[in-house]
2 protein chains.
Amino acid sequence: MTEKKNNIIQAALKLFTCTGFHACSTSKVAKQAKVSEGLIFKHFKNKEGLLQAILVEGEEKSKKLFYPILSAETPQQILKRTLELPFRIKGDDFEFWKLQYKLKWELEYDHSKKMQPLMDRLTEAFTALDYSNPEMEAQFLLYTLDGIAASLLKGALNNETELHDYLMNKYNV
Amino acid sequence: MTEKKNNIIQAALKLFTCTGFHACSTSKVAKQAKVSEGLIFKHFKNKEGLLQAILVEGEEKSKKLFYPILSAETPQQILKRTLELPFRIKGDDFEFWKLQYKLKWELEYDHSKKMQPLMDRLTEAFTALDYSNPEMEAQFLLYTLDGIAASLLKGALNNETELHDYLMNKYNV
DNA sequence: GGTTTTAAAGTGAGTACTTACTTACCTTTT
DNA sequence: AAAAGGTAAGTAAGTACTCACTTTAAAACC
């Protein structure tokens with residue numbers, strides 16, 4: 001990975017995130033990255049390829065975020081770490097996850113597959129904790145966290161820690 | 001409202017919803033509506049104006065959806081009708097609400113103001129029902145419903161009624 | 001009631017500009 | 001010397017929007 005190639009990815013991540021994929025032209029990405037526009041197409045073939053490169057880079061971030069849950073050893077741990085999920089997004093990752101949510105709507109991306117392992121572990125935890133309907137309980141919690149993450153990424157959440165505490169209290173962890 | 005003007009609005013609602021605002025050109029809207037492209041600008045001044053016209057038309061749909069909650073007379077009624085919220089979206093309204101969610105991300109629209117009256121009534125209900133933290137409880141529920149609505153509008157929800165029943169059971173209504 | 005006036009509805013070809021992408025060419029690294 | 005990195009100047013198609021013009025239809029006048 002050359003410096004300029006990386007510049008392109010960072011510039012695109014920033015601009016796609018703040019203006020959207022379709023509303024951001026390759027010429028603007030090139031300008032922001034301080035490279036010639038042609039270089040984008042040399043490295044990524046086309047605009048879609050540039051987006052895919054960003055998404056592939058983000059896979060690691062995805063794994064980094066989910067790993068604590070997938071590797072948890074007790075139901076309490078699974079639950080606790082799941083409740084932390086939206087609040088662990090910060091810094092560089094913030095932009096990436098915001099882009100994910102934008103793409104979900106702009107390009108109708110589906111990441112239910114990505115969430116399935118999480119769903120499974122949560123169901124497992126709720127089963128162990130004797131909840132009467134573990135599957136629904138897991139689905140319900142993931143929707144809630146999705147709503148919270150959406151609000152957080154849009155910058156509309158002003159009581160993060162209070163909400164997190166409330167959640168932990170609600171689920172007794 | 002002439003027939004052709006209405007055609008434009010309907011075509012734009014459809015196309016903006018399925019392809020997004022920026023990815024859909026005025027020429028495509030004109031073609032879909034079977035009018036000349038110029039007519040769009042005669043009626044709505046510019047593309048943004050056309051979007052606003054759709055949104056203004058949608059205000060009624062917004063009121064129609066929220067009214068049962070705002071006019072509820074008991075805390076149980078408030079709660080019950082709030083839990084119904086995502087499941088009352090259907091038919092023509094479906095497209096409109098999907099557009100709302102798309103715009104929320106594509107153009108960074110904020111509809112927290114629109115939700116405030118709902119938040120207030122929910123808080124009121126949870127207070128009357130002796131929940132220990134009514135404000136947080138209301139915020140929490142709205143995030144959950146937001147997550148559910150998002151999934152529903154993306155067509156990713158395959159157990160609507162089951163989820164609705166589960167919710168009603170959880171909140172004892 | 002029929003004729004003229006007026007304003008809105010509607011068209012289609014054009015505008016300047018932007019878009020994603022290509023090509024020919026130069027430079028650096030291996 | 002070969003391959004990859006990088007650039008500047010293109011290209012054709014598309015973009016939002018305008019302009020000069022015609023059609024429609026209802027109001028205003030005699």
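Labels below follow one simple rule: chain letters A, B, ... track the order of the sequence lines, proteins then strands, and each chain is numbered from 1. A quick note: this is a predicted structure, and the numbers were derived from the prediction, not measured.
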Colleague: For the pair made of CG in A:N7 and P in D:dG6, what is the distance, rounded to whole Å?
Modeller: 9 Å

Colleague: Is the NZ or CZ atom of B:K154 both under 6.0 Å from the centre of the six-membered ring of A:Y109 and within 45° of that ring's axis?
Modeller: no

Colleague: Could you tell me whether the phosphate oxygens of C:dA20, OP1 or OP2, come under 4.0 Å of any side-chain nitrogen or oxygen in A:T26?
Modeller: yes

Colleague: Look at all strands and tell whether A:S25 reaches a base, only sugar-phosphate, or nothing, counting heavy atoms closer than 4.0 Å.
Modeller: sugar-phosphate

Colleague: In whole Å, what is the span from the NZ atom of B:K31 to the P atom of C:dT11?
Modeller: 14 Å

Colleague: What is the distance, to the nearest angstrom, from the CZ atom on B:F41 to the C1' atom on D:dT18?
Modeller: 9 Å

Colleague: Minimum heavy-atom separation for A:K28 and A:L15, please, with both atom names.
Modeller: O-CD1, 3.6 Å

Colleague: Please tell me which of the listed nucleotides, D:dG6, D:dC17, C:dC21, lies nearest to the side chain of B:K47?
Modeller: D:dC17

Colleague: Taking CD1 from B:I40 and P from C:dG12, how many angstroms apart are they, rounded to a whole number?
Modeller: 14 Å

Colleague: Got a donor-acceptor contact below 3.5 angstrom from the A:E135 side chain to the A:T123 backbone?
Modeller: no

Colleague: For a quick test of reading the model: is some side-chain N or O of B:K4 closer than 4.0 Å to OP1 or OP2 of C:dT11?
Modeller: yes

Colleague: Of the nucleotides C:dA20, D:dT15, D:dT7, which one has an atom closest to the side chain of A:E37?
Modeller: C:dA20

Colleague: Rounded to the nearest Å, what distance is computed from the CG atom of residue B:L50 to the C1' atom of nucleotide D:dT15?
Modeller: 15 Å

Colleague: In whole angstrom, give the distance that lies between atom CD of B:E48 and atom P of D:dT15.
Modeller: 18 Å

Colleague: Side chain to side chain contact (heavy atoms under 4.5 Å, CB included) for B:L103 and B:L51? Distances and angles first, verdict last.
Modeller: CA-CA 10 Å; B:L103 294 175; B:L51 180 62; 3.8 Å; yes

Colleague: Look at the side chain of B:L39 and decide which nucleotide, out of C:dT19, D:dA16, C:dA9, has an atom nearest to it.
Modeller: C:dA9

Colleague: Report the nucleotide, chosen from C:dT19, D:dA16, C:dA9, that has the shortest atom-to-atom distance to any side-chain atom of A:S27.
Modeller: C:dT19

Colleague: Could you state the atom-to-atom distance from NZ of B:K45 to P of D:dC19 in whole Å?
Modeller: 13 Å

Colleague: Side chain of A:H43, heavy atoms from C-beta onward: which of C:dT11, D:dT7, D:dG5 has the nearest atom to it?
Modeller: D:dG5

Colleague: Measure the distance from NZ on A:K34 to P on D:dG5 and round it to the nearest whole Å.
Modeller: 22 Å

Colleague: Just checking, A:K98 and A:F16: is the charged tip under 6.0 Å from the six-membered ring centre and within 45° of the axis?
Modeller: no

Colleague: Looking only at N and O atoms, is any donor in the side chain of B:K42 or the base of C:dG10 less than 3.5 Å from an acceptor on the other one?
Modeller: yes

Colleague: Between B:T2 and A:H22, who's closer to the 5' end of DNA chain C by nearest nucleotide?
Modeller: B:T2

